[in-house]
Participant: 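Structure incoming, see below.
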4 protein chains.
Amino acid sequence: MAEKKLTATLLLTCPDRKGLVSLVSNFIFERGGNILDLVEHVNAEEQRFFLRVAWDMKEFNVSPERLTEAFLPMAEEFEAEWSIRLNRNKHRLAIFVSKYDHCLQEILWRHELGEFDADIALVVSNHPDLGYLAERYRLPFHLFPRTQENKAAQEKAEISLLEKNNVDTIILARYMQVLSPVFLQKYPNRILNIHHSFLPAFAGSNPYKQAYERGVKIVGATSHYVTDVLDEGPIIEQDIIRISHKDSLDDLVRKGRDLERLVLARGVRLHLQDRILVYGGKTIVFE
Amino acid sequence: MAEKKLTATLLLTCPDRKGLVSLVSNFIFERGGNILDLVEHVNAEEQRFFLRVAWDMKEFNVSPERLTEAFLPMAEEFEAEWSIRLNRNKHRLAIFVSKYDHCLQEILWRHELGEFDADIALVVSNHPDLGYLAERYRLPFHLFPRTQENKAAQEKAEISLLEKNNVDTIILARYMQVLSPVFLQKYPNRILNIHHSFLPAFAGSNPYKQAYERGVKIVGATSHYVTDVLDEGPIIEQDIIRISHKDSLDDLVRKGRDLERLVLARGVRLHLQDRILVYGGKTIVFE
Amino acid sequence: MAEKKLTATLLLTCPDRKGLVSLVSNFIFERGGNILDLVEHVNAEEQRFFLRVAWDMKEFNVSPERLTEAFLPMAEEFEAEWSIRLNRNKHRLAIFVSKYDHCLQEILWRHELGEFDADIALVVSNHPDLGYLAERYRLPFHLFPRTQENKAAQEKAEISLLEKNNVDTIILARYMQVLSPVFLQKYPNRILNIHHSFLPAFAGSNPYKQAYERGVKIVGATSHYVTDVLDEGPIIEQDIIRISHKDSLDDLVRKGRDLERLVLARGVRLHLQDRILVYGGKTIVFE
Amino acid sequence: MAEKKLTATLLLTCPDRKGLVSLVSNFIFERGGNILDLVEHVNAEEQRFFLRVAWDMKEFNVSPERLTEAFLPMAEEFEAEWSIRLNRNKHRLAIFVSKYDHCLQEILWRHELGEFDADIALVVSNHPDLGYLAERYRLPFHLFPRTQENKAAQEKAEISLLEKNNVDTIILARYMQVLSPVFLQKYPNRILNIHHSFLPAFAGSNPYKQAYERGVKIVGATSHYVTDVLDEGPIIEQDIIRISHKDSLDDLVRKGRDLERLVLARGVRLHLQDRILVYGGKTIVFE
């Protein structure tokens, strides 16, 4: 197999002003980089600029190690929030689960197929049930049972484990525990959750039951970044499926599983490809 | 053009028990009726039975005038809520509008095409703006300007007008006034509204603005019967359209218009074909 | 766990005439059966009647063994094509695969979750690649490599295996061989295939490549019964996903996998619940 | 109302090479232009570059009249196919219709609402039926009845009319005549058609009948540019709607109308905003 080419991806947001695309693309061009993909967005109302640009590093005359340093002066001039990632520095994932297997199964299966260019470092759970599935894919499975009393201690142990494993992204694949603000602050816009409703409808617990009782004709699922207000984090992706009066609550759960799997997987893929910027509680998704 | 055949449609709900389909279909068969369409539904949880059956009256040996009387004993035995309508007794509609034209335009255009087998008796509005559109389709346009003070009086005048015109169904085609409980009680499950969101998300005013600010990736529309709790009536039909960060609030309004038109029109068609039963705040829609 | 109740499901089609629903529902009611679900359809153009009815056998006064015999006279009078199945006589499946795992994985996972009320008897393949997956779910895996020369002999051996295992339904889960008319005649309307396009568009080989080259904006998948004209069998279920110029051929394959899995699974579920009647090369799907 | 700002939009395709985004964005930046929207696409397989960029002309130091001349040297160096349009030079449309009103109604209604930033110069038809609708929107209606014999002469007269009215874009809104190659060559990638199927399925005449007879579970509509191979032009936009065995041919026609209207309208809007490039028989749609 041919060696994969080395690429860099810049995500950037700053106040809008003239010449931003020109200046950034020149930065790359002048140093010998070949732009593979560039997408920009201007929020006219807020006068805010957003950019994702990926380029081939092959003939780039700044070494990968010095890339961030080289871009820093321009970024500071723009007063930008930004990040650059080389594709060889793969994202490292931890997947948090409880008892439902479908989202974990989906993530692991897609990863095996090569849909996610990332390393899955480990699986964390508060229940032993899905250990077999982690094992099937030869992944470490770490059990952290949760009680009212041990929550803070367990989270501390989890964070320590994540740090030791250089995890940068956490996927809550139907993980049935609420993470504390302390935990969340460690991973801002790096914890993805799947909520089994079309947010903001049916936030909170038992969304299928809520949907069933309200008599809606469509149910949904939402992948979003987790913030310290439950189910109010920036929405990444949503999708829906039609239901009818013939569907029982069990049917909603069954149909919803298919949505949850797909919507979470799409969100994870977008995140791993550095296609998401968060601003003002919303996402810009560069598809 | 050949004369249209005379048909009857029964809508019925009652406690579930053995033999209901058999007894009702026998009632029709024994009297010479030919069933054209029969759909039933059992809510197992609530032990409740729902039925819609339409039949050809051609060789039916009870006269149309005596049909209700003939079915009454069976209905009483079942402790049923029910109605029978002959297709020759067309529904009579009033359309209530304010300033937005798209839903009115859609209803009138479809009616002209023959998609709604009903009579549109008149158009009511609290603004003069859409008079031209009613006129274009040769429909009476009645202006009832609303103020805080005149609300009760205007509603009384409206009801009087509706009764004089034998209106049985009211369509709120983006009518921007809240109807009083007194008005609503006159037309239970006979007033259809279009709400420009995916209920229960973004109930209340300015749903597109709410959706824009929340950063959802999909917007919706909902047609529902109006009850005295705002935006909480039984849902008839919903649909959605994808949006992205590129869409401004104006784009949401523009894209949403297409949804509103279609979702309201589908709801109206279902209602006019007697395909909807309401039970426990939800609809059974016999498609 | 409570014992599951015994139910019977009748699928029937015959020339339309008065009283069919009444006569069939009476047949059930008079013998003490409680109808759980009845759906009928009349094709007015062809004067053809279609029916699916399921009932509780608990107080039914004909023994399950004599059910078919008891219904025979009525069926003959109607000149009907029909079948009755008791839910305790589960469908028995064989799954045919080649090298792609996604459809097999999906079927096995859903079966394990209880979505399919059926027995999977075995997995057949012309390649050894997916043996591990059958093993993971503890299913017999039978390898029948195919060459131009051995086709007839291998099919004969496969049929013998299927008959020995009382298989009544075959699922082609991306099986890359064409079955002979001899094989097909053994299982009329009992072999389900997934075709990775929106039929009749892009029949034949390499539909994603065809779609890519044509520049369509949507790709689809189709589950259908297999007949001896390739990709022309009765369509059971279809679904689609949007694509754009940004999608490479590989992206189409990746996005299409999700469709194939869902569309095949839905088709299988409908078949296993006896919700499909085939008439005139088309399906009536009683959802 | 505030004066609308003057903007320019460049559409360009050329062989891919390093620095294209940089060079074009510099061209704009150096002359004082402010980029409002830039989208690029690289087809890696064909080493082809595609670009759409829109900028504010307010402080641009080249006069609008000299813009094309100023960009010419760069375009020639790139061996590009390209066009620049100032938003003040509105597209001028002719709408061709026959007897069906729904697509014409939709286009006219949306135009009135301001969804299309273009001038509708006139309506052409081979039948008098829709004259009333053109009149309603105060548009010239030109009748060109077609026979086998007069086709060439009528087309010549039509072209003359279009040229006199400076029409640059033609919308076939269910126009039931085939245009000759002579006509088509006058307006390459400037004639939009709506085909009432999910192309390439059911090309040719009577697609709803074809769909009904095949028993598909979904029907579609396709807007595309017209080329001299019937229904094979570059696809702009497609959408679908679910159907079932319950839908008659008339139902397909009715449901399909809604699709046709929306899919044509979306295609028209994309074209009028200069968001479409055609290359190799396919479209790049910069949404």
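Lettering follows sequence order; numbering is per chain, from 1. Excluded from the calculations below are hydrogen atoms, water molecules and symmetry mates; all remaining heavy atoms, backbone and side chain alike, are included.
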Participant: Looking at residues at least two apart in the chain, or sitting in another chain, which of them share a side-chain contact (heavy atoms from CB on, under 4.5 Å) with Ala201(B)?
Facilitator: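 Applying side-chain contact (heavy atoms from CB on, under 4.5 Å) to Ala201(B) gives Pro200(A), Ala201(A).
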
Participant: To the nearest 0.5 angstrom, please state how far the CG atom of Leu51(B) sits from the CG atom of Leu38(C).
Facilitator: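 Leu51(B) atom CG to Leu38(C) atom CG measures 9.5 Å (nearest 0.5 Å).
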
Participant: By ring pair (Phe, Tyr, Trp, His ring centres under 6.0 Å), which residues pair with Phe27(B), not counting sequence neighbours?
Facilitator: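 Phe27(B) satisfies ring pair (Phe, Tyr, Trp, His ring centres under 6.0 Å) with Phe71(B) only.
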
Participant: Can you name the residues that form a ring pair (Phe, Tyr, Trp, His ring centres under 6.0 Å) with Phe202(B), not counting sequence neighbours?
Facilitator: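 For Phe202(B), no residue satisfies ring pair (Phe, Tyr, Trp, His ring centres under 6.0 Å) once neighbours in sequence are set aside.
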
Participant: Do chain C and chain B have donor-acceptor pairs under 3.5 Å, and which are they?
Facilitator:
from: Lys18(C); atom 1: NZ; to: Gly32(B); atom 2: O; distance (Å): 2.7
from: Lys18(C); atom 1: NZ; to: Glu59(B); atom 2: OE1; distance (Å): 2.8
from: Ser22(C); atom 1: OG; to: Asn26(B); atom 2: OD1; distance (Å): 2.2
from: Ser25(C); atom 1: OG; to: Ser25(B); atom 2: OG; distance (Å): 3.3
from: Asn26(C); atom 1: OD1; to: Ser22(B); atom 2: OG; distance (Å): 2.2
from: Asn26(C); atom 1: OD1; to: Asn26(B); atom 2: ND2; distance (Å): 3.0
from: Asn26(C); atom 1: ND2; to: Asn26(B); atom 2: OD1; distance (Å): 3.0
from: Gly32(C); atom 1: O; to: Lys18(B); atom 2: NZ; distance (Å): 2.7
from: Leu38(C); atom 1: N; to: Glu40(B); atom 2: OE2; distance (Å): 2.8
from: Glu40(C); atom 1: OE2; to: Leu38(B); atom 2: N; distance (Å): 2.8
from: Glu59(C); atom 1: OE1; to: Lys18(B); atom 2: NZ; distance (Å): 2.7

Participant: Testing the basics here: between Val42(B) and Leu36(C), what is the closest heavy-atom pair and its distance to 0.1 Å?
Facilitator: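 Where Val42(B) meets Leu36(C) most closely, the heavy atoms are CG2-O, 4.2 Å.
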
